[in-house]
Amino acid sequence: MTSAGTIEDAKGPAELRLALRQMLGEDIVLSETEEMLRFCRDWHGDVTSGTVAVIRPRSTQQVAAAVKACRELGLSIVPQGGNTGLVLGAIPDAPERQVVLSLSRMNRIRKIDPADFSAVVESGCILSELKDAIAKMGMFFPLALGAQGSCQIGGNVSTNAGGVNVLRYGMTRELVLGLEVVLPDGSILEGLSTLRKDNRGIDLKQLFIGAEGTLGIITAVSVKLTPYPDHVATALLGLASLEDAIKLYRRARRDCCDLMSAFEFMPPLAFTLAQEAMPDLPIPISAEYPAYVLMEISGSGLIDIDDLMQRFLEGVMEEGLVLDGTIAASQTQARNLWLIREGMNEGQAKRGTHMRTDISVPLSQLASFVEEAEKAVSEALPGAVSVSYGHVGDGNVHLNVLPPAGSTPEERIQLIYRAKTVVNEVLDRYTGSISAEHGIGRLKRPDFDARLPASRRKLLTALKHAVDPEMIMNPGCQLRF
């Protein structure tokens, strides 16, 4: 850490900003309040903070220089990608002693290698732009998120993002082959290997995937690719219950094997919420069924995906497991079906601040968990509306709670706190996880801390002290050490 004299020489935010500009350059450091504001506000606009400065490096070497400068000045660093996270992991919580380090300028795709089924990309590359560039070369990167037009690959890796394709391709962790990371002392860990098999001891890249910037700053990623799935079948199905949706998933998992790429559960309210966000969005199925599934199977080469979907649905409809359904006849229709799923999230946002969760429980217990948790919310918070939906195939449910219309901001805050407590009490009985895919950040830190076993806490604390002894990397995120 810097000497006491150096800290005293630059003790105020204005002096610290000046020192950073002198050390790193005017082009690298943003210091005007209005310029910095968008880096200090969460994606939904619920929380606004502040920062000493925003550092925007253009290279890994400039990231390393920034880390060394911040250490010298006694500043801690909050790494930030596209700032689309939902748990405040990239928002400062000590504005007078923290800087935001934005990777947005480091957005080059260094290499796409179809022969090796791999790509190397800098952290600031927007996910959708990466996917599009890869698709032009006949390849596919399967990470798929609602925020993919804004989120960045470095943030996806740092939070171990999930998304709609997890049941086939796995979490982000399973798509990463190697990492380049700037460590808390300013040194660079160079590990951009594209090897599929490398068993030379502990796999160090795994330390940084899901660490949310608490151990270092990911500056580049090597990822695995697959052949582009140019045959896709998408269906929206009406069912009698969530329990039937889970039965349908098990059946689809057996009959469609690994060709099933998405299996999303939605309640009837999804259609209302989607049309509140997108009034012209067509709804091609009756909204009278208790449960809905958005299912997709995909593949490439010699497989007849359309025939597989037709034969599968004929069987489950004859048995009465599926009550109604529609299969997209074009890419436009398929996109409209997915817009229902995406529009549902926008519709919830239009109703104001609400409780968001990303819970996971064993698949066999998903239906009973949702039923019990929604009942507990209804009893504890009359007038609140539960909206449960998610990625059935991986046991992940987003059980959100919308306060009654007309609630004041203070009432919303109180309701959200109470709803979180009620849902987590039910979740604990199911030995589930409070974070299936969003991470911990600052928002979930108290709940994470309260449920952390002593043995795991000991290992996490030892790891943090070993890698970041001066505690400059995203302090306050995940745990307070």
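Throughout, residue positions are numbered sequentially from 1 according to the sequence presented.
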Between [Y] and [X], is there a side-chain donor-acceptor contact under 3.5 Å, judged purely by atom types and distance?
X: His44; Y: Gln348; value: no
X: Thr84; Y: Ser150; value: no
X: Gln148; Y: Ser128; value: no

Between Arg173 (side chain only) and Ile209 (backbone N and O only), is there a donor and an acceptor less than 3.5 Å apart? yes

Side chain to side chain, Leu101 and Pro57, heavy atoms closer than 4.5 Å: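 Counting from C-beta outward, Leu101 and Pro57 do come under 4.5 Å.
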
Charged N to carboxylate O below 4.0 Å: is that the case for [X] and [Y]?
X: Asp358; Y: Lys444; result: yes
X: Glu122; Y: Arg105; result: no
X: Glu276; Y: Lys350; result: no
X: Lys111; Y: Asp116; result: no
X: Asp46; Y: Arg412; result: no
X: Glu212; Y: Arg445; result: no

Take atom [atom1] in [X]; do more than 12 heavy atoms of anything else shown fall under 6.0 Å from it?
X: Glu371; atom1: CD; value: no
X: Phe481; atom1: CZ; value: yes
X: Arg196; atom1: CZ; value: yes
X: Tyr228; atom1: OH; value: no

Smallest separation among heavy atoms of [X] and [Y], with atom names:
X: Met171; Y: Asn160; result: CE-O, 3.1 Å
X: Ile91; Y: Asp42; result: CD1-N, 3.8 Å
X: Ala233; Y: Asp306; result: CB-OD1, 3.9 Å

Would you please classify the geometry between the His398 ring and the His438 ring as parallel, tilted or perpendicular, with 30° and 60° separating the classes? parallel

